[in-house]
Amino acid sequence: MSALRERSALSQLAPGERLLAYGTVVPAKSAKGAGGVGGAVANRLVNTIGARSAGAGSIAAGLPRTSGALLLRVTDRRVGLVQPLDGTPVWEIPRDWVVRVERRPRTQLMARFRLHCADGSWLAFLTMRRRTVEQFGSLIGG
């Protein structure tokens with residue numbers, strides 16, 4: 001499976017563009033978490049209020065509705081989300097539009113982080129590996 005993910009992360013790069021890192025993430029807005037009434041309330045708060053800060057026209061507002069896991073890739077030119085099976089781009093922005101990665105407290109079993117954009121907007125993601133967050137932070141800033 002990791003060979004397939006790597007091939008997907010490398011898919012559709014521009015000539016001379018270098019892949020620096022990639023990892024499996026779930027946009028917080030589409031994440032599924034705990035069950036039950038309390039879990040449903042917590043999921044609603046985390047997945048709506050804490051999923052993005054994006055006014056109309058902001059960088060973060062450009063992320064389309066998605067569901068399930070995607071690959072977040074960082075290249076020397078851009079940051080974006082691609083489909084894990086075929087590398088189809090879902091959302092991409094120039095690398096300098098992302099100013100930092102912020103590790104957030106865990107709300108579930110997954111590590112949570114935010115991508116902060118140059119215009120002040122941000123997007124929240126979940127990942128199974130804290131090392132993925134640390135790697136993105138070391139490349140982008142954290």
Side-chain angles (χ1 to χ4, degrees), residues 1-35 38-142:
M1 185 68 141
S2 77
L4 177 61
R5 286 189 320 214
E6 184 171 350
R7 197 168 41 248
S8 295
L10 289 166
S11 174
Q12 301 184 32
L13 295 182
E17 185 174 16
R18 292 180 304 118
L19 177 66
L20 303 177
Y22 67 93
T24 302
V25 300
V26 176
K29 194 158 184 73
S30 66
K32 303 289 184 241
V41 171
N43 287 337
R44 182 174 273 311
L45 288 172
V46 167
N47 297 343
T48 55
I49 297 168
R52 76 167 84 189
S53 169
S58 70
I59 295 170
L63 178 67
R65 289 191 174 273
T66 62
S67 63
L70 298 166
L71 291 179
L72 178 65
R73 71 176 172 191
V74 177
T75 75
D76 57 342
R77 299 180 191 174
R78 53 192 164 156
V79 173
L81 295 167
V82 298
Q83 293 290 338
L85 297 178
D86 63 5
T88 302
V90 172
W91 175 79
E92 293 181 318
I93 58 174
R95 173 110 181 261
D96 59 348
W97 287 15
V98 179
V99 294
R100 72 184 173 101
V101 173
E102 176 190 8
R103 198 167 118 221
R104 302 291 294 168
R106 285 180 176 243
T107 57
Q108 302 172 351
L109 295 176
M110 300 174 82
R112 185 178 174 95
F113 68 100
R114 289 181 180 171
L115 284 182
H116 288 268
C117 302
D119 66 355
S121 64
W122 52 264
L123 292 162
F125 296 94
L126 302 167
T127 184
M128 291 301 291
R129 304 177 74 197
R130 189 174 118 192
R131 282 179 278 157
T132 300
V133 179
E134 292 167 352
Q135 184 179 27
F136 291 149
S138 71
L139 290 170
I140 294 170

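Below, each value reflects all heavy atoms present in this structure, side chains not excepted, and no hydrogens, waters or symmetry copies. The shown structure was predicted, so the numbers you read here are calculated from the model rather than taken from an experiment.
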Side-chain heavy-atom pair Leu70, Trp91 within 4.5 angstrom cut-off: no

Hits for side chain to side chain contact (heavy atoms under 4.5 Å, CB included) against Thr88, two or more places apart or cross-chain, chain-then-number order -> Gln83, Asp86

Looking only at heavy atoms, the pair that brings Pro27 and Thr66 closest together is CG-OG1, 3.4 Å

Exercise. Let me see the working for Val82 and Tyr22 under side-chain contact (heavy atoms from CB on, under 4.5 Å), right down to the final yes or no.
Key: CA-CA 10 Å; Val82 298; Tyr22 67 93; over 6 Å; no

With sequence neighbours left out, the residues meeting side chain to side chain contact (heavy atoms under 4.5 Å, CB included) with Ala21 are Gln135, Phe136, Leu139

In this structure, CG of Leu10 is separated from CZ of Arg5 (nearest 0.5 Å) by 12.5 Å

Applied to residues 133-142, the salt bridge (charged side-chain N to carboxylate O under 4.0 Å, His left out) test, sequence neighbours excluded, yields Arg130-Glu134

The side chain to side chain contact (heavy atoms under 4.5 Å, CB included) partners of Asp96 (sequence neighbours excluded) come to Pro94

| request: Find out whether Phe113 and Val25 are in side-chain contact, i.e. whether some heavy atom of one side chain is under 4.5 Å from a heavy atom of the other. | output: yes

Taken to the nearest 0.5 Å, the spacing of Leu115 CG from Ile93 CD1 works out to 7.0 Å

Practice task
Show your working on side-chain contact (heavy atoms from CB on, under 4.5 Å) between Leu71 and Thr24 and close with a plain yes or no.
Solution key: CA-CA 5 Å; Leu71 291 179; Thr24 302; 3.6 Å; yes

Between Ala60 and Ser121, the two heavy atoms sitting closest are N-OG, 3.2 Å

Heavy-atom nearest pair, Ala124 first then Arg112, reads CB-NH2, 3.6 Å

Any donor-acceptor N/O pair, Asp119 side chain to Ile59 backbone, under 3.5 Å: yes

Residue pairs passing the side chain to side chain donor-acceptor pair (under 3.5 Å) test with at least one member in residues 8-19, sequence neighbours excluded, are Glu17-Thr75, Glu17-Arg78

The side-chain hydrogen bond (donor to acceptor under 3.5 Å, both in side chains) partners of Asp76 (sequence neighbours excluded) come to none

- Message: I'd like to know whether Leu81 forms a side-chain contact (heavy atoms from CB on, under 4.5 Å) with Leu63, so could you lay out the CA-CA distance, the side-chain angles of the two residues, the decisive distance to 0.1 Å, and finally the verdict.
- Response: CA-CA 9 Å; Leu81 295 167; Leu63 178 67; 3.4 Å; yes

Those residues at least two apart in sequence (or on a different chain) that pass side chain to side chain contact (heavy atoms under 4.5 Å, CB included) with Arg100 are Glu102, His116

| said: Pair Thr127, Leu72 - check side-chain contact (heavy atoms from CB on, under 4.5 Å), show working. | reply: CA-CA 10 Å; Thr127 184; Leu72 178 65; over 6 Å; no

